[in-house]
Amino acid sequence: MPIVWSEQLSALLDLQKIDSRIFVLERELAEKPAQKRDLETVFEAKKSQMKASENALKAMQMKQKDRENDLASKETNIKKYMAQQSLVKTNQEYSALTKEINGQKADCSIFEEDILKLMDEIEQQKSIVEADRQKVAGIEKECKAQLATIDARCDAIKTEIAGLQAERAKFVPAVEKTLLPQYERILKKKDGVALVPLSGESCSGCHMSVRAQTVTEIRMKDKMIACEVCGRILYDA
Ligand SMILES: [Zn+2]
C-alpha cells in the first residue's frame, strides 16, 4: 500500500506530541542524580569542616593535658627540692637547691600562663564547634528534605512517562513501519522535535530559509520533505 503522506504526517504529529513530552521528562529525570550529588557534596563539605573544628578542639584539649602534666611534675620537683633543703648541711647546698626551686617555679609560671591561654582558646573553639554542629544539623535537615522532594519528583516523572509510553503504543501502529525509525532518529538528534512547521518560508527549527520550490512541495503534502540544513521534517501548519 503506498504511503499517503498527509495521513502519515498527522499520525507523526500525534506521536510527536507524546514524544516531545517524554523527551522533556527524560531530560529532567537525567538531571536528578547530579542534583542529588550536589546536595550531598554541600553536606559533606560542611561535615568535614565540622570534623576539622572538632579535631582542632581535641588537639587543644590534649595540649592542655600535657601542660597540666608538665606543671604537676614541676610542682613535684619543687616539693622534692624543698624536702631536700630541710636536710642539707651547708649553705652552698641550700642555695644550690634554692636556685633549682626558683628555676622550677619560673617554668611553672610559664606553664600556668600557657594553660590559661589554652583554656581561653578552648572556650572559643567550643563555640566554633557548637556553631558548626548546628550548621551541619540544619543543612542535613534541609538536604534530606530536598532529596525527598527530588525522589518524589523522580517517581512522578516515571509514572508520567509510563503513562505516556502506554499512550504512545496506541499511536504507533498508525505510522508506517519504515517511517517510524527515521522519525525516531531525528527526534533523538533534535531534542524531541522531529517535525517542525514552516515559518513563512523558513524552517522554524533552524530558521534557515527554504527554497520556494520546496515550500510548494511541502504545501502539497505529497511526500515527506526534510529541512536541508537541520534535517527536521517540515510541514505546513
Ligand atoms: Zn531546519
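Order of listing sets the numbers, starting from 1, for every ligand and every atom in it. In this chain, numbering begins with 1 at the start of the sequence shown.
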Can you tell me if His207 has an N, O or S atom under 2.8 Å away from the Zn ion (ligand 1)? no
Using the rule given for side-chain hydrogen bond (donor to acceptor under 3.5 Å, both in side chains), can you reason through Thr90 versus Gln92, listing the C-alpha separation, both sets of side-chain angles and the distance that settles it, and then say yes or no? CA-CA 5 Å; Thr90 67; Gln92 207 182 355; 5.2 Å; no
Once rounded to 10 degrees, what value does the angle at the Zn ion (ligand 1) take between SG (Cys230) and SG (Cys206)? 120°
Only residue of Ile218, Leu234, Leu179, Leu195 satisfying side-chain contact (heavy atoms from CB on, under 4.5 Å) with Met224 is Leu179
Please state the angle at the Zn ion (ligand 1) spanned by SG of Cys227 and SG of Cys203: what is it, rounded to 10 degrees? 110°
Check Glu121, Met62, Lys126, Gln124 against Leu57 for a side-chain contact (heavy atoms from CB on, under 4.5 Å) and give me the one that passes. Lys126
Keeping Ser53 on the side-chain end and Ile128 on the backbone end, is there a donor-acceptor pair under 3.5 Å? no
